[in-house]
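Single-structure report; data block below.
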Amino acid sequence: MTAESVPPTAAPAPTDFIRTIVAAHVAEKRYSQIVTRFPPEPNGYLHIGHAKSICLNFGIARENNGRCNLRFDDTNPAKEDVEFVDSITADVKWLIAGWADHCLGFKPKGTHPAKVTSSGQPDYYLAAVNPGPDSEPFFASDYFDALYDYALELVRRGKAYVCDLSPKETEAYRGAPDKPGRNSPFRHRSIAENLDLFQRMRAGEFPDGARTLRAKIDMASPNVWLRDPLLYRIRHVPHYHAGDKWCVYPLYDYAHCLSDYLEGISHSACSLEFVPHRALYDWILEALDLPRPLPRQYEFAKLVPSYMLLSKRNILRLVQEKVVAGWDDPRLPTISGLRRRGIPASAIRCFVISVGVTTFNSVTDIAVFEHAIRDELNTLAVRRLAVLKPIKLVLTNLTPGEVIECNATNDPQSETPSTRKIALTREVFIESDDFAEFPPSKYFRLKPGGEVRLKYACIIKLDEIVKDAAGAVTELRCTAQLDTRSGQSNADKKVKGTIHWVSVTRCLDAEVRLYDRLFTVPEPGAEEDFMKVVNPHSLDVVTAKLETSLAGAQPGDYYQFERLGYFTPDAKDSTPGQPVFNRTVSLKDTWTKLPAQS
RNA sequence: UGCCCGAUAGUGUAAUGGUAGCACAAACGACUCUGACUCGUUUUGUCUAGGUUCGAGUCCUAGUCGGGCAGCCA
């Protein structure tokens with residue numbers, strides 16, 4: 001293999017504090033395999049913050065020949081729904097496609113953890129398989145039997161008890177961070193009574209909220225999560241996945257650590273707000289005296305890109321109040337929104353990997369994301385000509401029916417670029433921004449008496465500006481210097497400016513959606529009300545003139561409209577032969593930033 | 001006013017106790033049939049005060065600032 005043929009995936013693996021720990025565990029052979037997991041709750045859509053967790057967990061798996069299980073953390077039947085299971089699964093698959101698909105852990109359809117014997121002790125275990133027609137993601141709700149069994153064991157060991165305190169009383173007894181809690185009056189029930197009561201809770205004998213199962217730890221602990229945390233609550237609600245079999249449901253802290261254990265997870269990475277929960281995570285696993293190596297929890301800082309709002313709750317509000325058109329609105333940082341916007345999965349991965357993994361809460365400049373997008377698209381996107389805000393230009397030395405074929409490059413970044421033919425005709429559209437009757441200094445574009453090159457065609461000179469009665473420019477009359485075309489005698493003639501264009505008679509009208517950031521401030525989440533800082537110009541819809549070859553554009557195709565930016569056909573509103581384009585991101589522009597422009 | 005965590009250029013992120021690097025951003029320049037890309041140059045940094053040490057971004061102490069924790073949410 002030559003140096004040139006090394007695939008881009010050969011980029012050095014990232015290093016961070018979690019990977020350093022994993023590497024140490026690999027060296028000491030602590031686990032038989034490195035297994036991570038991505039555990040979303042199916043109560044909303046995935047966003048770019050989740051992408052960080054996905055890249056970390058799948059990244060660790062692929063770098064260590066391991067596995068990363070997709071597991072739905074669905075222990076709250078009131079909030080969860082299959083709709084989200086489907087969208088989350090699709091988003092995860094899209095995000096890791098071609099990168100870590102081989103690490104994705106599913107389970108055989110319909111299976112639950114099997115009771116096995118490990119190290120001479122009874123145990124539960126559910127191994128992962130590759131995704132396929134007979135497999136599905138993991139669900140914490142498939143562990144309810146095993147979890148119930150472990151809860152019974154905790155009771156038998158005198159480490160859990162049934163508490164009859166009401167929600168309000170429970171809160172009062174818990175105390176405050178700076179004040180110790182008080183023991184529940186039910187803390188010293190006998191094991192037999194606890195067993196009986198817990199079984200009757202499960203049997204449905206008590207109404208919602210009447211009793212809970214609690215861990216017996218320490219009501220005076222400075223860590224409030226250790227003050228006899230709730231393990232189970234009563235909810236007479238059917239579960240979208242588990243059906244109506246249960247009326248007691250485990251809480252996150254109890255379910256999560258054991259779900260990790262059941263799947264043989266080695267490293268359980270979560271965000272920083274779970275740091276105080278780690279002691280509980282460890283306590284539950286250790287209290288059960290389990291036979292296999294225990295998973296451990298590691299916490300990292302969430303991704304917070306500037307100008308974005310990431311929490312599900314806030315995104316939901318933007319959707320409900322119709323600030324955006326839905327969960328997959330291209331202005332939203334949801335994975336489905338980013339995909340619809342035209343951002344490649346590889347760009348999302350490059351971005352989150354470049355940000356790194358630390359324990360420091362930070363805000364990442366959106367420019368880093370935009371750079372990653374442009375960097376990927378520069379290689380992936382096919383070049384086309386399009387005019388967003390057209391103004392007519394007449395080449396007076398061409399006859400009305402004359403067609404001059406020009407060769408345009410599709411992929412200038414390729415080592416073996418291909419070309420296509422585009423038609424130069426007497427009348428063309430150019431970008432209205434590319435003409436100025438009274439140009440500022442250093443204006444390289446079309447101006448009175450000036451010359452520019454029409455990209456892939458020839459140099460033209462502006463002779464005359466035609467205006468209507470109101471004084472608005474209606475037409476620019478120019479002379480084409482046909483000997484400056486590629487291959488002609490004067491082809492090497494230099495002019496300072498080159499502009500894009502589209503033939504008036506050979507073009508396609510199309511709706512183009514120009515998206516901009518959704519908020520006007522870098523940290524909308526820090527605002528008293530983020531609705532007040534919504535960018536009123538986050539969407540500008542224009543009817544653009546496109547070169548005809550764009551009629552066949554399909555969703556999933558990436559284009560660069562030269563000198564403008566990257567565009568992709570909208571996956572929802574495009575129809576065959578009539579694409580609607582979304583602007584993914586503009587090209588970097590060092591001209592309009594100049595002070596002369598303001 | 002309890003406990004836990006954190007702090008390195010504008011932003012993000014590196015640095016077995018041994019020359020503070022990298023990326024993005026910004027500025028300037030080269031190149032250019034995309035004012036893009038690419039290439040080159042430059043600006044800007046270890047929160048504060050003590051201590052240990054030949055030597056501290058790194059270890060210790062105190063402080064400052066920031067974040068988190070009292071759902072029968074996850």
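As the structure is a computational prediction, the values presented were derived from the model and not from experiment.
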Interatomic distance, [X] [atom1] vs [N] [atom2] [rounded to whole Å]:
{"X": "A/Leu280", "N": "B/C72", "atom1": "CG", "atom2": "P", "value": "12 Å"}
{"X": "A/Ile422", "N": "B/C33", "atom1": "CD1", "atom2": "P", "value": "16 Å"}
{"X": "A/Asp492", "N": "B/U32", "atom1": "CG", "atom2": "P", "value": "11 Å"}
{"X": "A/Tyr298", "N": "B/G6", "atom1": "OH", "atom2": "C1'", "value": "20 Å"}
{"X": "A/Trp501", "N": "B/U34", "atom1": "CH2", "atom2": "P", "value": "15 Å"}
{"X": "A/Phe369", "N": "B/G12", "atom1": "CZ", "atom2": "P", "value": "18 Å"}
{"X": "A/Phe567", "N": "B/A36", "atom1": "CZ", "atom2": "C1'", "value": "13 Å"}
{"X": "A/Asp253", "N": "B/G71", "atom1": "CG", "atom2": "P", "value": "13 Å"}

Looking at every strand, decide which applies to [X] at a 4.0 Å heavy-atom threshold: base, sugar-phosphate, or nothing.
{"X": "A/Lys179", "result": "nothing"}
{"X": "A/Val495", "result": "nothing"}
{"X": "A/Ala457", "result": "base"}
{"X": "A/Arg383", "result": "base"}
{"X": "A/Gly356", "result": "nothing"}
{"X": "A/Glu562", "result": "base"}
{"X": "A/Ser166", "result": "base"}
{"X": "A/Leu165", "result": "base"}
{"X": "A/Arg445", "result": "base"}

Out of [options], whichever nucleotide has its closest atom nearest the side chain of [X]:
{"X": "A/Asp589", "options": "B/G35, B/A74, B/C4", "value": "B/G35"}
{"X": "A/Asp178", "options": "B/U1, B/C33, B/A74", "value": "B/U1"}
{"X": "A/Leu251", "options": "B/U34, B/C73, B/C4", "value": "B/C73"}
{"X": "A/Thr359", "options": "B/G12, B/G6, B/C72", "value": "B/G6"}
{"X": "A/Lys494", "options": "B/A74, B/C33, B/A36", "value": "B/C33"}
{"X": "A/Lys496", "options": "B/U32, B/A25, B/A74", "value": "B/U32"}

Distance-only donor-acceptor hits, side chain of residues 351-362 of chain A, under 3.5 Å, sequence neighbours excluded:
from	atom 1	to	atom 2	distance (Å)
A/Ser354	OG	A/Cys350	O	3.4
A/Ser354	OG	A/Phe351	O	2.7
A/Thr358	OG1	A/Phe360	N	3.2

- Base-paired stretches in RNA chain B with three or more consecutive Watson-Crick or G-U pairs, both distances under 3.5 Å, amount to B:2-7 with B:64-69, B:10-13 with B:21-24, B:26-30 with B:38-42, B:47-51 with B:59-63

Report yes if at least one side-chain N or O of [X] is closer than 4.0 Å to OP1 or OP2 of [N]; otherwise report no.
{"X": "A/Arg453", "N": "B/G35", "result": "no"}
{"X": "A/Ser354", "N": "B/C24", "result": "no"}
{"X": "A/Ser362", "N": "B/U13", "result": "yes"}
{"X": "A/Arg233", "N": "B/A74", "result": "yes"}
{"X": "A/Thr358", "N": "B/U13", "result": "yes"}
{"X": "A/Arg563", "N": "B/G35", "result": "yes"}
{"X": "A/Lys79", "N": "B/A74", "result": "no"}
{"X": "A/His371", "N": "B/C24", "result": "yes"}

- Is the ring centre of A/Phe360 under 5.5 Å from the base ring centre of B/A7, and are the two planes under 30° apart, so that they stack? no

- Centroid distance under 5.5 Å and plane angle under 30°, A/Trp591 vs B/G35: yes

What residues, two or more places apart in sequence or in another chain, satisfy salt bridge (charged side-chain N to carboxylate O under 4.0 Å, His left out) together with [X]?
{"X": "A/Arg174", "value": "none"}
{"X": "A/Arg517", "value": "A/Glu370"}
{"X": "A/Glu169", "value": "none"}

- Message: Taking side-chain hydrogen bond (donor to acceptor under 3.5 Å, both in side chains) as the definition, give me every residue that meets it alongside A/Asp81, ordered by chain and number, with sequence neighbours left out.
- Response: none

- State whether A/Tyr173 and A/Arg182 meet the cation-pi test: NZ (Lys) or CZ (Arg) under 6.0 Å from the six-membered ring centroid, and within 45° of the perpendicular axis. yes

- A/Arg583 charged N/C atom sitting above A/Tyr566 aromatic ring, 6.0 Å / 45°: no

Are there more than 12 heavy atoms of other residues, nucleotides or ligands under 6.0 Å from atom [atom1] of [X]?
{"X": "A/Glu523", "atom1": "CD", "answer": "no"}
{"X": "A/Lys312", "atom1": "NZ", "answer": "yes"}
{"X": "A/Lys493", "atom1": "NZ", "answer": "yes"}

Side chains of residues 482-490 of chain A: which donor-acceptor partners sit under 3.5 Å, not counting sequence neighbours?
from	atom 1	to	atom 2	distance (Å)
A/Thr484	OG1	A/Ile459	N	2.8
A/Thr484	OG1	A/Gln481	O	2.6

- Message: Are A/Phe567 and A/Phe581 an aromatic pair, judged by ring center distance below 6.0 Å?
- Response: no

- Can you check B/G63 for me, syn or anti if syn means within 90° of 0? anti

- Query: Partners of A/Ser271 by side-chain contact (heavy atoms from CB on, under 4.5 Å), sequence neighbours excluded?
  - Reply: A/Glu273, A/Phe274, A/Lys302

- Any ring pair (Phe, Tyr, Trp, His ring centres under 6.0 Å) pairs touching residues 372-391 of chain A, not counting sequence neighbours? none

- Item | B/C47 to B/U58 separation - P atoms, rounded to the nearest Å | 8 Å

- Task: Write down the distance separating the P atoms in B/C65 and B/U13, rounded off to the nearest Å.
- Result: 22 Å

Nucleotide N/O to protein N/O under 3.5 Å, stretch nucleotides 39-47 of chain B:
none

- Task: Could you note down all residue pairs passing salt bridge (Lys or Arg N to Asp or Glu O under 4.0 Å) where residues 212-241 of chain A supplies at least one of them, sequence neighbours left out?
- Result: A/Arg187-A/Asp228

- Message: Nearest heavy atom decides the nucleotide; on that basis, is A/Pro39 or A/Pro412 closer to the 5' end of RNA chain B?
- Response: A/Pro412

I'd like a table of atom pairs between the protein and nucleotides 67-70 of chain B - only N or O on both sides, under 3.5 Å - with the distance next to each one.
from	atom 1	to	atom 2	distance (Å)
B/G67	O2'	A/Asn361	ND2	3.1
B/C69	O2'	A/Trp225	NE1	3.2
B/A70	O2'	A/Arg174	NE	3.3

